[in-house]
Amino acid sequence: MKYARTWAGLLLVLTLTGCATSMKAAMDKKTEKIDVGEDSVFLLTAEISNDYKPSYQPDALFLNVETPDAKSSEQRFFYSVDEDGTFKKETGNKYVFRGRIKPGKYVIRGIEGNKVSFMVMGTFSMPLHCEFEAKKGQVADLGKVIAKIRERQGYEFRAGPVTPLLDQAVTGFSGGTFDIQVVASNETDTRWMKSLFPALRTVDIVPNTLPPFDRKKAQKWWEDH
C-alpha cells in the first residue's frame, strides 16, 4: 500500500539504495552568521495536528524535496527535523525547516513522520506537491503550512498506510486524511524566526510563499503511487 514504511525501514532503504540525499538544517540556534554564497536557503514553517485522534499528535521526521523530474538520489533531498526547529504541544507540533539548496526549480513532495507511543508506532505521509524556485544568494521564506488530520471520507487519500493494521488505526493515520492550507508568513512569524536563529537577523528574508495546496493533485498522486 502507498507509503507503507516505517522510519527505520525508510532509513534502511536509503542506506541500501541511496534513493535520496540526507540534508541537515542550514543553521541552528548557535549559528551567528550564514554565508549563502552560490546556494539558496529556504525557510518553511509547518504546523501539524491530529484532530481525528488527538492523543496521537504526529511527529515530523523530514521534509521531502526534489527536482520536478527527479530520477536519482542527487535530485532528491530529505531535510531532517532537528531539535532547534521543533516545538511540541499536546494539541499539535510546529516545525521550522531551514534548508540549503542549489539554485533551480523544485517540488516539495511533503512531510513524512510517525507517532511512537506505548506499543504503538504509526507512520504518516503529508502531501504538498508544491513547486518553488530557489534563487542564488537568497534566503527565501516559503510560508507556513497548516495541516490537520480529520476522519477520512470515501476514497480520500489516507494520512498514512493501512499496515500495520492496529498501529495505523489507533493513531488515526489509516482512517484519516489531511486538510492542508498554505499561507504567507506575517511580520510576527518573521520576528519569531529571527528571535530563534541569530543568523537570520543579519540577512534579508525574501517572501516566496508556496502556491496553494492542490487537493486534486495530491489525490491523483496518491492514487498513482
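Please read these numbers as outputs of a predicted model, since none were measured by experiment.
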Colleague: For a quick test of reading the model, state the closest non-hydrogen atom pair linking Thr190 to Ile205 and the distance between them.
Modeller: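 Taking every non-hydrogen atom into account, CG2-CD1, 4.2 Å.
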
Colleague: Going from CE on Met121 to CG on Asp59, what distance comes out if it is rounded to the nearest 0.5 angstrom?
Modeller: 11.5 Å

Colleague: For residues Val41 and Val107: do they belong to one hydrophobic cluster (side chain heavy atoms under 4.5 Å, members Ile, Leu, Val, Met, Phe, Trp, Tyr)?
Modeller: no

Colleague: Tell me, yes or no, whether the heavy-atom count around Lys148 atom NZ, taken from other residues, nucleotides or ligands under 6.0 Å, exceeds 12.
Modeller: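 No, because the 6.0 Å sphere around NZ of Lys148 holds 12 heavy atoms or fewer from other groups.
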
Colleague: Among Thr91, Ile48, Thr171, Asn93, find the residue that satisfies the side-chain contact (heavy atoms from CB on, under 4.5 Å) test when tested with Gln57.
Modeller: Asn93

Colleague: Does the pair Asp167/Lys115 count as a salt bridge with the N-to-O cut at 4.0 Å?
Modeller: no

Colleague: Any non-hydrogen side-chain atom of Ile34 less than 4.5 Å from a side-chain atom of Val203?
Modeller: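 A side-chain contact under 4.5 Å exists here.
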
Colleague: Examine distances only and state if a side-chain atom of Arg201 and a backbone atom of Lys194 form a donor-acceptor pair shorter than 3.5 Å.
Modeller: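 Side chain of Arg201 to backbone of Lys194, a donor-acceptor pair under 3.5 Å: yes, one is there.
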
Colleague: Does the distance from a Lys or Arg side-chain N to an Asp or Glu carboxylate O, for Asp179 and Arg150, drop under 4.0 Å?
Modeller: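 Yes, charged N to carboxylate O under 4.0 Å.
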
Colleague: Around atom CG of Asp35, are there more than 12 heavy atoms from other residues, nucleotides or ligands closer than 6.0 Å?
Modeller: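 Open.
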
Colleague: Given the rule in the ring-ring contact (aromatic ring centres under 6.0 Å, His included) test, do Tyr79 and Phe42 qualify, once you have shown the distances and angles that lead to the verdict?
Modeller: CA-CA 11 Å; Tyr79 291 88; Phe42 68 82; 5.1 Å; yes

Colleague: Verify the distance criterion only: is there a donor paired with an acceptor across the side chains of Asp141 and Ser185 at less than 3.5 Å?
Modeller: yes

Colleague: Let me see the working for Glu133 and Lys105 under salt bridge (charged side-chain N to carboxylate O under 4.0 Å, His left out), right down to the final yes or no.
Modeller: CA-CA 4 Å; Glu133 183 175 359; Lys105 294 184 178 180; 5.3 Å; no

Colleague: Whether Asp84 and Lys30 form a salt bridge (side-chain N of Lys/Arg under 4.0 Å from carboxylate O of Asp/Glu) is what I want to check.
Modeller: no

Colleague: Taking Arg158 for the side chain and Ser174 for the main chain, is one N or O donor matched with an acceptor at less than 3.5 Å?
Modeller: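 The answer is yes, because a donor-acceptor pair under 3.5 Å joins these two groups.
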
Colleague: Show the nearest heavy-atom pair for residues Ala46 and Phe97, with the distance to one decimal.
Modeller: CB-CE1, 4.3 Å

Colleague: Passes side chain to side chain contact (heavy atoms under 4.5 Å, CB included), Gln168 versus Val162? Steps please.
Modeller: CA-CA 6 Å; Gln168 294 303 107; Val162 173; 6.0 Å; no

Colleague: As a quick check of understanding, evaluate side chain to side chain contact (heavy atoms under 4.5 Å, CB included) for Ile146 and Val183, giving each step before the final call.
Modeller: CA-CA 8 Å; Ile146 303 171; Val183 299; 4.3 Å; yes

Colleague: Tell me whether Glu156 is salt-bridged to Arg215, with the criterion being a basic N under 4.0 Å from an acidic carboxylate O.
Modeller: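 Salt bridge between Glu156 and Arg215, a charged N being under 4.0 Å from a carboxylate O: yes.
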
Colleague: Output yes when a side-chain donor or acceptor of Tyr95 lies under 3.5 Å from a complementary backbone atom of Val81, and no otherwise.
Modeller: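 Between the backbone of Val81 and the side chain of Tyr95 there is no qualifying donor-acceptor contact (under 3.5 Å).
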
Colleague: Report yes or no: does Tyr106 contribute a side-chain atom to a donor-acceptor pair with the main-chain N or O of Lys102 at less than 3.5 Å?
Modeller: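 Side chain of Tyr106 to backbone of Lys102, a donor-acceptor pair under 3.5 Å: yes, one is there.
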
Colleague: Count I, L, V, M, F, W, Y as connected when their side-chain heavy atoms are under 4.5 Å apart, and connections chain through other members. Are Val96 and Leu210 then in the same cluster?
Modeller: no

Colleague: Can you get from Met23 to Val65 by hopping between Ile, Leu, Val, Met, Phe, Trp and Tyr side chains that sit under 4.5 Å apart?
Modeller: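 Yes, because Met23 and Val65 connect within a single hydrophobic cluster, where side-chain heavy atoms sit under 4.5 Å apart.
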
Colleague: Does Asn114 reach the main-chain N or O of Pro58 with its side chain, forming a donor-acceptor pair under 3.5 Å?
Modeller: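 Here the side-chain-to-backbone pair does not exist.
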
Colleague: If only atom types and distance count, is the side chain of Gln219 paired as donor or acceptor with the main-chain N or O of Tyr155 below 3.5 Å?
Modeller: yes

Colleague: Indicate if Phe78 and Leu61 have the same hydrophobic cluster label, given that clusters are the connected sets of ILVMFWY residues with side-chain heavy-atom separations under 4.5 angstrom.
Modeller: yes

Colleague: Name the orientation class of the two ring planes belonging to Trp221 and His129 (parallel below 30°, tilted from 30 to 60°, perpendicular beyond 60°).
Modeller: tilted

Colleague: Any idea which heavy atoms bring Asp82 and Ala25 closest together, and the distance?
Modeller: OD2-CB, 3.7 Å

Colleague: Check whether more than 12 heavy atoms from other residues, nucleotides or ligands sit under 6.0 Å from atom NZ of Lys29, and answer yes or no.
Modeller: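 Yes, because the 6.0 Å sphere around NZ of Lys29 holds more than 12 heavy atoms from other groups.
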
Colleague: Is it true that the side chains of Thr31 and Arg98 contain a donor and an acceptor less than 3.5 Å apart?
Modeller: no

Colleague: For a side chain to side chain contact (heavy atoms under 4.5 Å, CB included) check, start with the C-alpha distance between Val145 and Met126, then their side-chain angles and the critical distance, and finish with the verdict.
Modeller: CA-CA 11 Å; Val145 176; Met126 191 198 88; 3.8 Å; yes

Colleague: Ring centroid separation for Phe124 and Phe173, is it under 6.0 angstrom?
Modeller: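 Yes: the rings meet the under 6.0 Å criterion.
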
Colleague: Under a 4.5 Å cut-off applied to non-hydrogen side-chain atoms, are Ser117 and Tyr56 in contact?
Modeller: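 When only atoms from C-beta onward are counted, Tyr56 and Ser117 do touch, with a gap below 4.5 Å.
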
Colleague: Is there a path from Leu44 to Met193 through hydrophobic residues (I, L, V, M, F, W, Y) whose side chains come within less than 4.5 Å of each other?
Modeller: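 Per the 4.5 Å side-chain linkage, Leu44 and Met193 are not co-clustered.
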
Colleague: Distance check, rounded to the nearest 0.5 Å: Thr177 atom OG1 versus Glu151 atom CD?
Modeller: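 Answer rounded to 0.5 Å: 11.0 Å.
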
Colleague: Taking all non-hydrogen atoms of both residues, which atom of Glu112 and which atom of Asn64 are closest, and how far apart?
Modeller: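 The pair with the smallest heavy-atom distance is OE2-ND2, 4.3 Å.
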
Colleague: Quick one: closest heavy-atom pair of Ala159 and Ile149, and the distance?
Modeller: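 Shortest heavy-atom separation between Ala159 and Ile149 comes out as CB-CD1, 4.1 Å.
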
Colleague: Check whether Ser40 reaches the backbone of Lys135 with its side chain - one donor and one acceptor, N or O, closer than 3.5 Å.
Modeller: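 Side chain of Ser40 to backbone of Lys135, a donor-acceptor pair under 3.5 Å: yes, one is there.
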
Colleague: Between Leu43 and Leu200, is a side chain to side chain contact (heavy atoms under 4.5 Å, CB included) present by the stated rule, with each step listed?
Modeller: CA-CA 10 Å; Leu43 308 172; Leu200 294 178; 4.1 Å; yes

Colleague: Can you tell whether the side chains of Arg100 and Asp39 come within less than 4.0 Å, N to carboxylate O?
Modeller: yes

Colleague: Looking only at heavy atoms, which two atoms of Ala218 and Phe157 are closest? And how far apart?
Modeller: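 Distance-wise, the nearest heavy atoms are CB-CE2, 4.1 Å.
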
Colleague: Any chance the rings of Phe197 and Trp192 have centres within less than 6.0 Å?
Modeller: no

Colleague: If you measure from CD1 on Ile108 to CG on Leu142, what distance do you get to the nearest 0.5 Å?
Modeller: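 So the gap between those two atoms works out to 5.0 Å.
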
Colleague: Report yes if some heavy atom in the side chain of Lys71 is under 4.5 Å from a heavy atom in the side chain of Gln75; otherwise report no.
Modeller: yes

Colleague: With rounding to the nearest 0.5 angstrom, report the OG to CZ distance, Ser125 to Arg109.
Modeller: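 CZ of Arg109 is found 11.0 Å from OG of Ser125.
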
Colleague: First locate atom OG of Ser73, then atom CD of Glu66, and finally report the distance between them rounded to the nearest 0.5 Å.
Modeller: 12.0 Å

Colleague: To the nearest 0.5 Å, what is the distance between NZ on Lys217 and SG on Cys130?
Modeller: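 With rounding to 0.5 Å, NZ (Lys217) is 7.0 Å from SG (Cys130).
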
